Structures are given as structure tokens and as C-alpha cells.
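These notes concern the structure reproduced below.
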Amino acid sequence: MANADVPQLDELRAQVLEGLRQERKWLPCRLLYDERGSELFERITALEEYYPTRTEHAIMTVAAPAMGRIIDSGCVLIEYGSGSSTKTCALLDHLPAPAAYLPIDVSRAQLEAAAATVRARYPTLEVAPLCADYNRPVSLPPAAARGPRVAYFPGSTVGNFNPPEAVRFLTGIARTVGPGGCLVIGVDLPKDRALLEAAYDDRQGVTAAFNLNVLRHLNRILEGDFDLESFAHRSCYDSARGRIEMHLVSGREQVVTVAGERFRFGVGETILTEVSYKFTLDGFALLAGISGFDVAAVWTDRRRMFSVQLLRARPGSANGVAPVDVHALSAAAG
């Protein structure tokens, strides 16, 4: 396995302190995915309320043969945030003679288990896992040069970025795959508020545990003293911004210490831990275009709850894209 390329603790500490100093407090969503957080998220994907995973998997089952006819033979598949790689096999089964598979994930234990599963299923395929935070520049292993590159970014994780951040991330992928290279990406679509909010606040409380684990993670790595019993999980849909928000809500007046710095919380004060934008098809095409991609194909389920899209990097995309028009991006989320 390639060496980890995770963010330095000093950088993470700086982000945490910056977020908690704000009038509207926030924390980087990468804190959700330590080992325990990754395990909890895998449980979330199997919940009745959480439609994205099963809907995307059903779309991939139908769409993967068509993708295999579009994607170049002998490609290298690079997956960002691979998790358990459960959706990846639907794609690998139909890629023409793939040369290598490079899963990237921050959770080493889950990455190792997923890589072992893929190796067992495809014994002739080179599997080169990389334990890293894909939000930062990543040095790919030599296997990345074995053929044309195809990136895979499932799960609608692109919605966890604010639109300008999404453009920066997608622009980086366009440079990685190079002109003519492809990106297969999951994109969640706008839908009924009740359905959205239930997906992020399940009856069993798994999502609540997943969100509260952020505080446990901070206590462990930055010497925090958060009392998890004094915070509660809340999800809500912001229709003006077209996004779900996950918050941790303080249940009492309290002072918390993190990395040697004290922070005061009032009753009902919240910490924003994650956003999840929902895009219209036209809105996401705009976002992709600004990032240097053209939309080559789109597949949705019958209820148009979710989409899987195949993007192709335009010639010249490796040299950068036009400056981001933030006002135009505001129309991208549904």
C-alpha cells in the first residue's frame, strides 16, 4: 500500500480553530471519517431512509455496460473516497481490459479491506490503494501511468463541497485525467423536503451517532473535552441554497476546550458539520463546464431522485479553466 498522504495535524488544528471562532461555528467535514465514522457511514448506506446508495447502485447496474462502450480500453480507474468499493465492481465488470484500479480513501482499515476484496474478485487486475485525503493534492503511484485515466467519484460526495470548492476539486480531477479523460460521478437531485431530511436523520439514530462522532474524534486528536451528551444531531434542508445541512446543537450553556483554546456555547447554538447540495441536471452541467468537463451521458432512476453522469475533460482543461463566476454557481444547486 502506498504511504498515507493525510493532512498534517497542524493544518487540521488550524481549520478546526478557524471554524469554531466564527459567529456561526463550523467544522471540516473530513472529521466525520475516522475509522469509527467510516463504519457508521457504511451502516447509514443500508438504512431504509437513505435512498442515495441503493438508488445509485441500481443506476450503475443498468448504466455500466453503456459506460464500458464509451470508456477507452486499458484504462486506469482512480476512485476518490472509495469506502468499501461496493459500487466499483459494477463498473469494473464492464470496463474493457482495465489496467489498474487506484482506490483513494482516508480510512486505512476500510481501504485495506476493500482492496483485498477487489483483488480477490479480479486476480489479474493491479490494485494500488492510496491512503490519503483526496481533498489535498495526491501523488499517484506508478500504476496511474499504465493507461488512459478514468476517475470515479460516487455517492454524490461532490455535494459536500460549496460550489466554488466543487469547481476547484473537479478542476483538479480534470487535470489528473487529462484531456479526453473521463469522470464517472454520482449527483443527487432535488426532491421533497421530508424525504431529504429523513435520509439525514434516520429513526435508528445511526446518522446522529455518525455526526456526534465528530466530537469524539476531536477529543481524541486535539485534546478536546466535548461532552457528547450535551450535544444533539439536527438535519435541515435549506431550500434557498439547495442543500441539506447537518448540525450539532448545544443543549446547554457550556465552555469547551479544543487544542488549548476555550469556546463558549449557548443553549441551541449549533456547529455546522456537513452540507450536501442537490443539483438540477442543468445546474450540474454548468458546474462541470466551469470545471473543464463536458457532460457525455446522464443516467437517472425512474423517479429522477439521483443521477450518474459520465463527464469528459475538454482539450486544454489541464491548463486551467476560466475564473469561477460565483453568481452563476448559485444557480447550480436545485
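Everything quoted here is computed from the prediction, not taken from an experiment.
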Begin from the C-alpha positions of Asp93 and Arg121 and carry the test salt bridge (charged side-chain N to carboxylate O under 4.0 Å, His left out) through to its verdict.
CA-CA 10 Å; Asp93 282 348; Arg121 180 163 176 164; 2.7 Å; yes
Are Gln22 and Lys25 close enough, and set up right, to give a side-chain contact (heavy atoms from CB on, under 4.5 Å), and what steps lead you there?
CA-CA 5 Å; Gln22 305 304 310; Lys25 294 179 173 64; 5.5 Å; no
Worked verdict on Glu197 versus Arg193 for salt bridge (charged side-chain N to carboxylate O under 4.0 Å, His left out)
CA-CA 6 Å; Glu197 292 185 349; Arg193 174 191 292 271; 3.4 Å; yes
Go through the steps to decide whether Thr157 and Ile185 satisfy the test side-chain contact (heavy atoms from CB on, under 4.5 Å), and finish with yes or no.
CA-CA 9 Å; Thr157 310; Ile185 186 168; over 6 Å; no
Might you work through the side-chain contact (heavy atoms from CB on, under 4.5 Å) test for Asp225 and Val256, ending with a clear yes or no?
CA-CA 6 Å; Asp225 61 2; Val256 175; 3.4 Å; yes
Under the salt bridge (charged side-chain N to carboxylate O under 4.0 Å, His left out) rule, what do Asp227 and Arg252 come out as? Steps first, then yes or no, please.
CA-CA 11 Å; Asp227 175 11; Arg252 61 180 176 86; 3.8 Å; yes
Intermediate values then yes/no, side-chain hydrogen bond (donor to acceptor under 3.5 Å, both in side chains), Asn211 and Thr273:
CA-CA 7 Å; Asn211 200 10; Thr273 55; 2.7 Å; yes
Could you give me the CA-CA distance, side-chain angles and deciding distance for Tyr277 and Asn160, then say whether side-chain hydrogen bond (donor to acceptor under 3.5 Å, both in side chains) is met?
CA-CA 6 Å; Tyr277 283 86; Asn160 297 148; over 6 Å; no
Would Tyr51 and Lys191 count as a side-chain hydrogen bond (donor to acceptor under 3.5 Å, both in side chains) here? Give the steps.
CA-CA 11 Å; Tyr51 64 86; Lys191 56 188 65 66; 3.1 Å; yes
Going through the distances and angles, do Ser250 and Gln254 end up as a side-chain hydrogen bond (donor to acceptor under 3.5 Å, both in side chains)?
CA-CA 8 Å; Ser250 175; Gln254 56 185 308; 2.8 Å; yes
Tell me, with the steps shown, if Leu77 and Thr88 meet side-chain contact (heavy atoms from CB on, under 4.5 Å).
CA-CA 9 Å; Leu77 183 65; Thr88 317; 3.8 Å; yes
Between Arg13 and Glu11, does the salt bridge (charged side-chain N to carboxylate O under 4.0 Å, His left out) criterion hold? Intermediate values first, please.
CA-CA 5 Å; Arg13 180 186 294 110; Glu11 179 185 336; over 6 Å; no
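Of all heavy-atom pairs between Gly74 and Ala99, the closest is O-CB, 3.5 Å. Summarising the geometry of Asp188 relative to Pro52, their closest heavy-atom pair is OD2-CG, 4.4 Å, with the distance given to 0.1 Å. Listed here is the closest heavy atom pair of Asp301 and Met305: OD1-N, 2.9 Å. The minimum heavy-atom distance between Ser276 and Tyr200, with the atom names listed, is OG-OH, 3.1 Å. Contact detail for Ala144 and Leu102: the closest heavy-atom pair is CB-CD2, 3.7 Å. Residues Pro129 and Ala115 come closest through the heavy atom pair CG-CB, 3.9 Å.
Looking at Trp299 and Met67, their side chains come closer than 4.5 Å, going by heavy atoms from C-beta outward. Looking only at side-chain heavy atoms (C-beta outward), Val167 and Leu287 come within less than 4.5 Å of each other. Side-chain atoms of Arg234 and Leu248, non-hydrogen and from C-beta on, never get closer than 4.5 Å to each other. At least one side-chain heavy atom of Leu228 sits less than 4.5 Å from a side-chain heavy atom of Arg216. Side-chain contact between Leu111 and Pro103: present, with at least one pair of heavy atoms (C-beta onward) separated by less than 4.5 Å. Residues Thr207 and Met246 form a side-chain contact, since some pair of their non-hydrogen atoms from C-beta on lies under 4.5 Å apart. At least one side-chain heavy atom of Glu79 sits under 4.5 Å from a side-chain heavy atom of Pro154.
Linking ILVMFWY side-chain heavy atoms closer than 4.5 Å, directly or via other members, places Ile290 and Val158 in a single hydrophobic cluster. Leu92 and Val177 fall into different hydrophobic clusters, where Ile, Leu, Val, Met, Phe, Trp and Tyr side chains are chained together by heavy-atom contacts under 4.5 Å. Val184 and Leu170 fall into different hydrophobic clusters, where Ile, Leu, Val, Met, Phe, Trp and Tyr are joined by side-chain heavy atoms under 4.5 Å apart, directly or via other members. Both Leu130 and Val76 are members of a single hydrophobic cluster when ILVMFWY side chains are connected at heavy-atom separations under 4.5 Å. Follow the hydrophobic side-chain contacts under 4.5 Å out from Leu222 and you reach Ile271 in the same cluster.
Within the model, atoms CZ of Arg203 and CD of Glu48 stand 5.0 Å from one another, a figure rounded to the nearest 0.5 Å. Thr61 contributes atom OG1, which lies 11.5 Å from atom NZ of Lys87 (distance to the nearest 0.5 angstrom). Atom CG of Leu310 sits about 5.0 Å away from atom SG of Cys182, to the nearest 0.5 Å. In this structure, the separation between CZ on Arg24 and CD on Glu269 is 11.0 Å, given to the nearest 0.5 Å. Atom-to-atom distance recorded for Phe293:CZ and Thr171:OG1 is 8.0 Å, nearest 0.5 angstrom. A distance of 5.0 Å separates CG of Leu31 from CG of Leu218, quoted to the nearest 0.5 Å.
Phe265 has its ring centre less than 6.0 Å from the ring centre of Phe231.
Judged by distance alone, the side chain of Glu56 and the main-chain N or O of Gly155 form a donor-acceptor pair under 3.5 Å. Within the 3.5 Å criterion, the main-chain N or O of Gly180 finds a donor-acceptor partner in the side chain of Arg312.
Ala208 pairs by the side chain to side chain contact (heavy atoms under 4.5 Å, CB included) definition with His233, not counting sequence neighbours. Partners of Phe306 by ring pair (Phe, Tyr, Trp, His ring centres under 6.0 Å), not counting sequence neighbours: none found. Partners of Tyr33 by ring pair (Phe, Tyr, Trp, His ring centres under 6.0 Å), not counting sequence neighbours, listed by chain and number: Phe41, Phe210. By the salt bridge (Lys or Arg N to Asp or Glu O under 4.0 Å) test, Glu165 is found to be paired with no residue, residues two or more places apart in sequence or in another chain being considered.
Partner of Val295 under the side chain to side chain contact (heavy atoms under 4.5 Å, CB included) criterion, chosen from Leu286, Leu281, Leu311: Leu311.
Within the cation-pi definition used here (under 6.0 Å to the ring centroid, within 45° of the axis), Lys278 does not qualify as a partner of Phe284.
Taking Ile, Leu, Val, Met, Phe, Trp and Tyr as hydrophobic and joining them when side-chain heavy atoms fall under 4.5 Å apart, one finds Val62 isolated, its cluster having no other members.
Side chains of Asp34 and Asn213: a donor on one and an acceptor on the other come within 3.5 Å.
Sequence neighbours left out, the pairs with a member in residues 78-106 that pass ring pair (Phe, Tyr, Trp, His ring centres under 6.0 Å) are Tyr80-Phe169.
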